[in-house]
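Notes for the one structure printed next.
Chain identifiers are assigned alphabetically (A, B, ...) following the order of the sequence lines, protein sequences preceding nucleic acid strands; residue numbering begins at 1 within each chain. Just so it is clear, the model here is predicted, and its values are computed rather than measured.
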Protein chains: 2
Amino acid sequence: MQVRSKIWLAVDGEPVFGSGREALFKAIDRLGSINKAAKDINLSYRKALSYIQTMEQRLGEQLVERKTGGLHGGGAHLTKEAKEFMKKYEQLEEGINEMLDKKFQDVFGKGN
Amino acid sequence: MQVRSKIWLAVDGEPVFGSGREALFKAIDRLGSINKAAKDINLSYRKALSYIQTMEQRLGEQLVERKTGGLHGGGAHLTKEAKEFMKKYEQLEEGINEMLDKKFQDVFGKGN
DNA sequence: CAGCGTTGTGCAAATATGTTATAACGATAG
DNA sequence: CTATCGTTATAACATATTTGCACAACGCTG
């Protein structure tokens with residue numbers, strides 16, 4: 001038996017950023033394309049796009065700058081705001097899993 | 001903006017206990033019936049039952065003792081094992097939210 | 001032995017999710 | 001100036017999953 005956890009940020013109760021979106025952002029940053037990023041992390045382009053759209057809508061700022069047409073067909077890259085957001089999320093996550101694992105050992109480890 | 005979290009236990013990667021199931025267990029304990037419990041926490045009876053069944057299957061022990069027929073048509077109540085499980089889960093959750101809220105303030109509070 | 005309210009299951013409807021097709025775009029090559 | 005290319009973006013379709021409803025079985029009670 002293992003313990004799992006998920007941390008995410010919400011606006012008005014609706015999720016705007018979590019581990020899935022973080023992975024998407026990282027892939028976009030690495031590959032320069034929503035399409036390639038989605039494939040890389042095994043996500044449909046549709047879902048990836050709707051993630052981005054709802055995030056931007058709920059936060060009220062652009063996170064992924066995208067260009068259609070042009071060299072190589074276009075592409076996408078993260079805005080400064082998106083990178084800051086990612087960084088903060090990582091700080092938030094930091095240490096939580098370790099703490100949870102420790103607690104899990106305390107509670108479930110010896111007794112059972 | 002708020003931070004949210006979810007903690008659950010898994011066996012072989014498949015979830016066996018989380019906040020939803022905890023709420024179901026509490027309602028069963030209070031109402032003595034899966035049916036009433038499901039309605040109380042806005043869950044379909046089918047889903048509630050499949051939760052219980054998969055949990056019991058994966059853990060290999062009975063968690064909800066149920067009787068069909070008889071006084072008031074039957075009913076259900078938690079086994080000793082289920083109550084112990086709930087207690088441990090609560091211990092596991094304890095303090096995590098407080099710690100997260102504090103971290104959230106640290107990271108998102110002043111800067112933005 | 002009929003009535004009751006529950007557990008449990010089968011099936012259709014509804015909803016969510018995934019997949020494929022296609023249009024628009026604009027720099028570049030020819 | 002036109003064709004090509006890979007991308008963004010949307011629409012239409014297909015597939016899984018969830019939900020809702022109906023109904024049988026059960027066993028205590030009056």
**Complete:** From the candidates dA27(C), dT7(D), dT7(C), the one with an atom nearest any side-chain atom of Thr68(A) is dT7(D)
**Item:** Residue Tyr45(B), side-chain heavy atoms: nucleotide from dG20(D), dT7(C), dT8(D) that is nearest
**Value:** dT7(C)
**Request:** Indicate yes or no for a side-chain donor-acceptor contact from Glu56(A) to the backbone of Leu63(A) under 3.5 Å, with no hydrogens or angles considered.
**Result:** yes
**Request:** Rounded to the nearest angstrom, tell me the gap between atom CG in Asn35(A) and atom P in dT7(D).
**Result:** 6 Å
**Asked** So which one's nearest nucleotide on DNA chain D is more toward 5', Gly70(A) or Arg66(A)?
**Response** Gly70(A)
**Prompt:** Over how many whole Å does the gap from Leu31(B) atom CG to dG5(C) atom P extend?
**Reply:** 16 Å
**Fill in**
note: Lys39(A), atom NZ; dT8(D), atom P; distance rounded to Å ~ 10 Å
**Message:** Measuring from the side chain of Ile34(A) (C-beta onward, heavy atoms only), which nucleotide among dT7(C), dA24(C), dA9(D) has the closest atom?
**Reply:** dA9(D)
**Message:** dC25(C), OP1 or OP2 - any side-chain N/O from Lys67(A) closer than 4.0 Å?
**Reply:** no
**Message:** So Glu65(B), base contact, sugar-phosphate only, or nothing? Heavy-atom distance under 4.0 Å.
**Reply:** nothing
**Prompt:** For dT19(C), does OP1 or OP2 lie under 4.0 Å from any side-chain N or O of Arg46(A)?
**Reply:** no
**Prompt:** 5'-most contact on DNA chain D: Gly74(A) or Ser44(B), nearest heavy atom basis?
**Reply:** Gly74(A)
**Request:** Rounded off to whole Å, could you give me the CG-to-P distance for the Leu49(B) and dG10(C) pair?
**Result:** 12 Å
**Phosphate-side-chain proximity, Gln53(A) and dT8(D), N/O vs OP1/OP2 below 4.0 Å** = no
**Request:** Tell me, yes or no, whether the heavy-atom count around Lys6(A) atom NZ, taken from other residues, nucleotides or ligands under 6.0 Å, exceeds 12.
**Result:** yes
**Item:** ring pair (Phe, Tyr, Trp, His ring centres under 6.0 Å) partner of Phe17(B), chosen from Phe85(B), Trp8(B), Tyr51(B)
**Value:** Phe85(B)
**Prompt:** Starting at the 5' end of DNA chain C, which residue's closest nucleotide do you reach first, Lys47(A) or Ser33(B)?
**Reply:** Ser33(B)
**Item:** Side chain proximity check, Phe108(B) to Val3(B), heavy atoms < 4.5 angstrom
**Value:** no
**Asked** Please give, in whole Å, the distance from dC25(C) P to Leu71(A) CG?
**Response** 19 Å
**Message:** Without decimals, in angstroms, what is the distance between Tyr51(B) OH and dT17(D) C1'?
**Reply:** 13 Å
**Message:** Show, in sequence, the C-alpha distance, side-chain angles and deciding distance for Ile52(A) and Arg66(A), and conclude whether the side-chain contact (heavy atoms from CB on, under 4.5 Å) test is met.
**Reply:** CA-CA 11 Å; Ile52(A) 295 169; Arg66(A) 25 223 214 270; 4.0 Å; yes
**Request:** Round to a whole Å and report the spacing from CD of Glu56(A) to C1' of dT8(D).
**Result:** 13 Å
